[in-house]
Student: 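I have a structure here, written as structure tokens, and I will follow up with some questions on it.
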2 protein chains.
Amino acid sequence: MTNVLNNIIKSQKGRSRTATLEDVAQAAGLSPMTVSRALNNPKVVRPATIARVMEAVNSTGYIPNMLAGGLATSRTKLIAVVVPQINNNMFVDTVQAISDQLAVRGYHMLLCIVGYEPEDETDIVSTLLSRRPDGIVLTGIHHTSELKRIILNANIPVVEIWDLTPTPIDMLIGFSHEKVGNAIGEYFATRGFTNFGFICASDRRAMVRKNGAISVLRTIPEHDIKEVIVSRPANMEVGRHALRQLLDSGHHFDAIICSSDTLAQGAIMEAEAQGLRVPDDFSVIGFADLNFAAHNRPAITTVSVDKWDLGIRAADMLADKIEGIAVAEPIVDMGYRLVIRESA
Amino acid sequence: MTNVLNNIIKSQKGRSRTATLEDVAQAAGLSPMTVSRALNNPKVVRPATIARVMEAVNSTGYIPNMLAGGLATSRTKLIAVVVPQINNNMFVDTVQAISDQLAVRGYHMLLCIVGYEPEDETDIVSTLLSRRPDGIVLTGIHHTSELKRIILNANIPVVEIWDLTPTPIDMLIGFSHEKVGNAIGEYFATRGFTNFGFICASDRRAMVRKNGAISVLRTIPEHDIKEVIVSRPANMEVGRHALRQLLDSGHHFDAIICSSDTLAQGAIMEAEAQGLRVPDDFSVIGFADLNFAAHNRPAITTVSVDKWDLGIRAADMLADKIEGIAVAEPIVDMGYRLVIRESA
DNA sequence: TTGTAGGCGTTATCAT
DNA sequence: ATGATAACGCCTACAA
């Protein structure tokens with residue numbers, strides 16, 4: 001049984017040690033190289049030999065050492081994933097999708113949560129690279145030139161996600177935040193709205209969406225625009241507070257444009273707490289189509305992006321490139337969908 | 001400059017290769033061992049030498065290879081974290097807290113999202129161990145005996161989180177789901193409620209909370225209890241649907257007990273959609289004190305656990321044990337707090 | 001304070 | 001189909 005042989009291994013050196021290929025080879029009466037082949041390239045090994053190896057693997061409790069394997073092959077089956085946050089609902093679906101699909105493809109995920117500062121990202125990615133990941137996922141397209149230099153030097157596939165540019169570091173899958181903003185602006189502009197309140201998180205992409213909307217809204221004669229920029233995290237409480245600020249400003253609003261559904265949900269809550277009705281007194285629009293948006297009361301009008309599919313495809317793009325499979329579309333625009341529900 | 005030396009490295013072998021300690025040593029006119037010491041144990045190296053090393057590191061663009069380092073030292077500065085899900089709001093704070101604190105302590109996080117099946121967990125942890133992590137975080141206390149055997153054999157520190165038992169694999173930080181359930185039951189029992197509807201996710205811990213509540217509620221004379229077990233994911237939509245099922249059953253309810261705030265929020269939404277008022281027509285209680293619970297309308301009565309602190313402390317327990325610092329409390333009961341707000 | 005030799009566990013490569 | 005040898009890049013242990 002397992003324990004018997006484990007004990008032998010332990011007693012040889014006088015203390016605990018995990019089984020190695022050598023141990024398995026000894027148990028099977030084979031060379032380490034043959035065991036390695038039986039495990040990694042079974043089709044060149046005789047079936048009977050494979051059986052012997054498997055038995056020895058079980059009896060020794062052998063677990064391969066991927067540090068040694070990676071060192072020898074320069075392939076680690078490791079993907080580093082870098083995101084600014086996961087507890088704001090925005091990226092968590094994408095991260096879980098990436099994780100799931102990487103697992104399907106036989107990779108592990110090294111997850112790093114770095115916040116929104118490009119300098120922090122640079123330092124952290126640098127240490128991440130010391131794990132020699134086979135590929136890396138970065139959120140967004142704004143990185144320090146130092147970071148780009150480091151990554152290029154490491155010479156591994158990269159996928160940037162959640163934004164769009166014609167000049168990614170390597171591969172890219174995302175959508176245009178500016179166009180999302182434009183679409184929101186046009187929705188209101190073509191419906192005769194004139195007075196707008198923005199509740200916008202202070203991160204760069206949220207700002208781009210906001211400015212995209214504003215650039216359209218400015219074309220409306222006699223428009224009025226009032227902004228509240230909120231510090232992260234953009235949770236429901238912050239949304240409620242921001243709406244209060246807008247209402248206290250004395251402006252009148254036709255529509256409140258929020259940089260996320262969470263803020264929108266908060267704004268709606270606060271409106272109703274103050275005896276106002278959405279969309280009767282004013283409209284509210286969010287972003288991201290988070291899982292509660294469709295089921296809120298009122299259901300939240302928003303811009304939807306396929307966060308899950310984005311993650312799946314990002315993982316596949318990386319795995320494909322790593323494995324030498326040509327990536328047909330190295331730059332993917334996922335697009336977005338304006339989803340009109342009750343709140344606007 | 002960087003590129004010059006990088007090019008030298010490249011041309012030596014005719015193709016791209018990342019700089020090694022050897023390259024840095026050559027550039028600095030030192031031995032690899034001295035470079036290694038300058039980087040990892042600077043206090044035993046002359047300051048002038050360190051300066052030379054740093055210059056060479058910069059000029060070569062050297063990034064240490066932790067595969068090689070880990071192989072040599074058997075320490076990887078890697079922690080494997082295993083959770084069932086992250087996109088249900090329950091674990092995401094804890095995971096982010098673990099990630100943050102591990103970063104502070106100089107560790108990277110290998111994150112694995114395994115679902116709720118113990119067998120899947122076993123296989124996945126087994127492959128995870130091939131990375132030779134310095135420690136591992138497991139969610140919950142129910143694992144296959146095979147898993148326990150494998151982990152014990154690997155001989156690394158383990159922290160189980162988010163549950164409580166006197167007999168953890170190694171260390172543990174969490175809380176008693178049964179007692180959480182008891183507390184909920186007592187809250188209603190002492191207030192004269194008699195008719196209960198449960199909306200409960202089908203995972204094991206949610207069930208334990210439910211049964212903990214029921215065991216108390218059964219002591220109420222003429223109680224009536226009706227359950228709906230919902231399939232994952234336990235999102236707002238599912239909560240709405242489940243409440244509809246309860247109402248359609250024709251039972252009358254004083255209180256709806258939900259296994260998460262998300263389900264509770266859905267139940268409240270659905271109630272109001274049907275013209276019912278919470279808590280006037282019936283009370284609703286959730287679990288976890290998710291970030292929206294306090295700011296919902298009505299604010300959601302719930303049981304709060306300090307998810308963030310739990311993660312911080314789990315990371316510290318692991319790092320301490322790995323680094324030979326005695327862990328004063330290897331079994332930590334985080335407790336819970338019944339937070340009475342408006343919905344119940 | 002710095003350098004040398006050897007080994008960590010695996011796989012590529014070249015035999016047999 | 002299987003085996004022997006030499007890396008992979010770093011660090012421990014010992015030597016100078």
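Protein chains get the first letters and strands the later ones, always in sequence-line order, with residue 1 at the start of each.
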Student: For the side chain of Ala68(B), counting heavy atoms from C-beta on, which of dC10(D), dG9(C), dA4(D) is nearest?
Tutor: dC10(D)
Student: Contact class for Leu21(B) (heavy atom, under 4.0 Å): base, sugar-phosphate, or nothing?
Tutor: sugar-phosphate
Student: CE of Met33(B) versus P of dC10(D): gap in Å, rounded?
Tutor: 11 Å
Student: So what does Pro64(A) hit on the nucleic acid, given a heavy-atom distance under 4.0 Å: a base, only sugar-phosphate, or nothing?
Tutor: sugar-phosphate
Student: Rounded to the nearest angstrom, tell me the gap between atom CG in Asn41(B) and atom P in dG3(C).
Tutor: 15 Å
Student: Quick one: does Asp23(B)'s side chain have a donor or acceptor within less than 3.5 Å of a partner on Thr20(B)'s backbone?
Tutor: yes
Student: For dC8(D) and Thr20(B) - does any side-chain N or O of the residue sit under 4.0 Å from the phosphate oxygens OP1/OP2?
Tutor: no
Student: Go through the steps to decide whether Asp316(B) and Arg105(B) satisfy the test side chain to side chain contact (heavy atoms under 4.5 Å, CB included), and finish with yes or no.
Tutor: CA-CA 8 Å; Asp316(B) 274 332; Arg105(B) 294 291 219 115; 2.9 Å; yes
Student: Take the protein atom CE of Met66(B) and the nucleotide atom C1' of dC11(D), then report the distance between them rounded to whole Å.
Tutor: 13 Å
Student: Which residue lies toward the 5' end of DNA chain C, Arg52(B) or Leu71(B), if each is placed at its nearest nucleotide?
Tutor: Arg52(B)
Student: OP1 or OP2 of dG3(C) versus the side-chain N and O atoms of Thr34(B): is any pair under 4.0 Å?
Tutor: yes
Student: Tell me whether the OP1 or OP2 atom of dC8(D) has a side-chain N or O from Asn65(B) closer than 4.0 Å.
Tutor: no
Student: Whole Å only: how far is the CD atom of Glu22(A) from the P atom of dG7(C)?
Tutor: 13 Å
Student: Base, sugar-phosphate or nothing for Ser74(A)? Non-hydrogen atoms, less than 4.0 Å.
Tutor: nothing
Student: What's the CZ-P distance between Arg46(B) and dG3(C), to the nearest Å?
Tutor: 10 Å
Student: Name the residue closer to the 5' end of DNA chain C, choosing between Ser31(B) and Ala72(B) according to the nucleotide with the nearest heavy atom.
Tutor: Ser31(B)
Student: Please check if the number of heavy atoms outside Glu146(A) that lie under 6.0 Å from its CD is greater than 12.
Tutor: yes
Student: Using only atom types and a distance under 3.5 Å, with no angle test, would you say the side chain of Glu160(A) pairs donor to acceptor with the backbone of Ile169(A)?
Tutor: yes
Student: Give the rounded distance in Å between these two atoms: CZ of Arg37(B) and P of dT1(C).
Tutor: 10 Å
Student: Does Arg204(B), at its CZ atom, have more than 12 non-hydrogen atoms belonging to other residues, nucleotides or ligands within less than 6.0 Å?
Tutor: no
Student: Would you mind telling me which of dC11(D), dT2(D), dT2(C) lies closest to the side-chain atoms of Thr73(B)?
Tutor: dC11(D)
Student: Whole angstrom is fine here: how far is it from CG in Leu30(B) over to P in dT2(C)?
Tutor: 7 Å
Student: If you look at every strand shown and take non-hydrogen atoms under 4.0 Å, does Arg75(B) touch a base, only sugar-phosphate, or nothing?
Tutor: sugar-phosphate
Student: Are Ser36(A) and dT10(C) close enough that a side-chain N or O sits under 4.0 Å from OP1 or OP2?
Tutor: no
Student: Could you state the atom-to-atom distance from CZ of Arg131(B) to C1' of dG9(C) in whole Å?
Tutor: 15 Å
